[in-house]
Number of protein chains: 2
Amino acid sequence: MGRHREFDVEKALDAALCVFWRKGYEGASYADLTEAAGVERPALYSAFGNKEALFRRALDRYYERYMDFIPEALQLPTAREVAAHILYSAADLHTRYPSHTGCLGINGVLAGSDEAEPVRQALIDARAAGEAQLRERFERAKAEGDLPGTANPDALAAFVMAVSHGMAVQGKAGFSRGRLEAVAEQALSTWPSDRTPELHPEP
Amino acid sequence: MGRHREFDVEKALDAALCVFWRKGYEGASYADLTEAAGVERPALYSAFGNKEALFRRALDRYYERYMDFIPEALQLPTAREVAAHILYSAADLHTRYPSHTGCLGINGVLAGSDEAEPVRQALIDARAAGEAQLRERFERAKAEGDLPGTANPDALAAFVMAVSHGMAVQGKAGFSRGRLEAVAEQALSTWPSDRTPELHPEP
DNA sequence: GTGGTTTAGTAATGGCCATTATGAAAAAGG
DNA sequence: CCTTTTTCATAATGGCCATTACTAAACCAC
């Protein structure tokens, strides 16, 4: 029993996600969030708890809704296709929405006050989880002979993530999608292989 | 005439630089800055103006004192050496000081409140200036035949910067120097050349 | 209907933020 | 020594921050 909620919690979360994406965790004020959600302050608090909890919910949703290209990539047949899919998808995502460029996982908190430390750590953990999946995928590729025996899955995973993070920084700085794709192409240009590398496949 | 300043302005600036490096522009409070500088609030204001001006001074000093490997790199004989020097120097810088890892130019502001927009733009401009120098250096390398005719100086410069920014993100996340060097090495393995890339031998 | 329960909206609360007014202390010129 | 000028340090100022009382309204069970 009791009164029904008059706003759509999912829509409010989406609105908050966009604000956090644009301004980061500390740069987004509760005034920004409530305005974007079209909801009064206490309503957001009652629905999500506090700002940190709201951010964590937004981050979960971000991985689920926007970083879905990572699980997709991991299922591709070759390590090179995995890397290419991740890099080109990142180039797209980081420039897709002019009002919130870059990556929530990077924009969220890179450096901030001590109060933001738990959130910063959560973002680090989330990125580390993705990198670990990627490393495991490359280890499998090595075992399958898809990557040469000299390949270093750990370094390759860190490299793909680094390029992706760098593209996020550049996307937030206003780089065009084409420019980020050129970065992705360069990163892939001589993927380790037993055969001589072919130049840019992928859409 | 008048009373002499009792603190070393350069030392105060160095202290502020470290705080900004660690916490970013918005994450660093004036309380943090004055404590680190060992100087009372009004003294910092009288010496530097306001927080934004202090940050800009710190940023200038950062490029002058810590990013000096860029002008160094530009004078090396080959494009590959230029890129290698930048990437390995970045790997070192971003992990050199445990108390302020990553890069001030990235940690400063990636995303923030509207109030931080001028500072964010200043950082974007500073990075763009470095990238432009790099692109010009690669154009020269292409003209000199050091880079193949198919090479794209613009993409190469953006790529080197992206990897460098990615390493900054990873450095701030606690990656070791060795791991960042592995990323640098991987990035350089994609470097264009007229010779066919060395193949990885089968075991 | 009526009582119990949940939400909505207004308007506070205390805290930290950048910035500065105020006046004492110190140095230099005359 | 006294005046002028600059710096120092304490302590304020107003604003924005996240968070929440509080009151009124809406809903359900009975």
Side-chain angles (χ1 to χ4, degrees), chain A residues 1-13 15-20 22-59 108-109 111-120 122, chain B residues 1-13 15-20 22-59 108-109 111-120 122:
Chain A
M1 48 184 131
R3 185 170 173 175
H4 302 318
R5 204 163 246 144
E6 288 183 1
F7 68 96
D8 185 336
V9 176
E10 300 282 294
K11 284 202 180 299
L13 181 55
L17 165 51
C18 290
V19 173
F20 282 132
R22 175 177 159 73
K23 298 192 164 190
Y25 174 64
E26 292 198 295
S29 73
Y30 233 89
D32 295 330
L33 295 166
T34 52
E35 186 187 7
V39 154
E40 297 302 322
R41 269 171 238 260
L44 267 194
Y45 276 98
S46 83
F48 299 103
N50 63 6
K51 190 181 171 186
E52 179 175 338
L54 175 55
F55 181 85
R56 288 176 186 271
R57 286 284 301 272
L59 183 63
V109 201
S113 74
D114 294 339
E115 207 189 36
E117 190 60 21
V119 173
R120 190 177 80 87
Chain B
M1 50 183 129
R3 184 173 174 175
H4 304 317
R5 206 165 244 140
E6 289 183 1
F7 68 96
D8 185 336
V9 176
E10 300 282 295
K11 284 201 178 298
L13 181 55
L17 165 51
C18 290
V19 173
F20 282 132
R22 174 175 160 75
K23 297 193 164 189
Y25 175 64
E26 293 199 295
S29 73
Y30 233 88
D32 295 330
L33 295 166
T34 53
E35 186 188 6
V39 154
E40 295 303 321
R41 269 172 239 258
L44 266 194
Y45 276 98
S46 83
F48 299 103
N50 62 6
K51 190 182 171 184
E52 178 175 338
L54 175 56
F55 182 85
R56 288 177 185 271
R57 285 283 302 273
L59 183 62
V109 199
S113 75
D114 294 339
E115 208 191 34
E117 190 59 22
V119 172
R120 190 178 79 87

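Chain naming here is simple, since letters A, B, ... match the order of the sequence lines and numbering starts at 1 in each.
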Where do [X] and [Y] come nearest, in terms of heavy atoms and distance?
X: B:Ala47; Y: B:Arg5; value: CA-NH2, 3.5 Å
X: B:Leu17; Y: B:Ala58; value: CD1-O, 3.8 Å
X: A:Leu44; Y: A:Val39; value: N-CG1, 3.9 Å

Original post:
How are the rings of A:Tyr45 and A:Tyr30 set to each other: parallel, tilted or perpendicular (split at 30° and 60°)?
Top reply: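 Parallel: the ring planes of A:Tyr45 and A:Tyr30 meet at under 30°.
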**OP:** Answer yes or no: is there a donor N or O on one side and an acceptor on the other, between the side chain of B:Glu26 and the main chain of B:Ser113, under 3.5 Å?
**Re:**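 Here the side-chain-to-backbone pair exists.
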Original post:
From the 5' end of DNA chain C to its 3' end, which nucleotides mark the outer limits of contact with chain B, defined by a 4.0 Å heavy-atom distance cut-off (strictly under)?
Top reply: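 So the contact region on DNA chain C extends C:dC17 to C:dA28.
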**OP:** For A:Ala28, report the nucleic acid contact type (base, sugar-phosphate, nothing); a contact means any heavy atom under 4.0 Å.
**Re:**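 Result for A:Ala28 = sugar-phosphate.
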Is there a side-chain contact between [X] and [Y], using heavy atoms and a 4.5 Å cut-off?
X: A:Leu13; Y: A:Asp8; value: no
X: B:Leu59; Y: B:Phe20; value: no
X: A:Asp114; Y: B:Lys23; value: yes

Pairs under 3.5 Å (N/O, protein and nucleotides 5-7 of chain D):
| from | atom 1 | to | atom 2 | distance (Å) |
| --- | --- | --- | --- | --- |
| D:dT6 | O2 | B:Arg3 | N | 3.3 |
| D:dT7 | O2 | B:Arg3 | NH1 | 2.9 |

**OP:** Map A:Asp32 and A:Pro42 onto DNA chain D by nearest heavy atom, then report which one ends up closer to the 5' terminus.
**Re:**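 Nearest-nucleotide comparison on DNA chain D picks A:Asp32.
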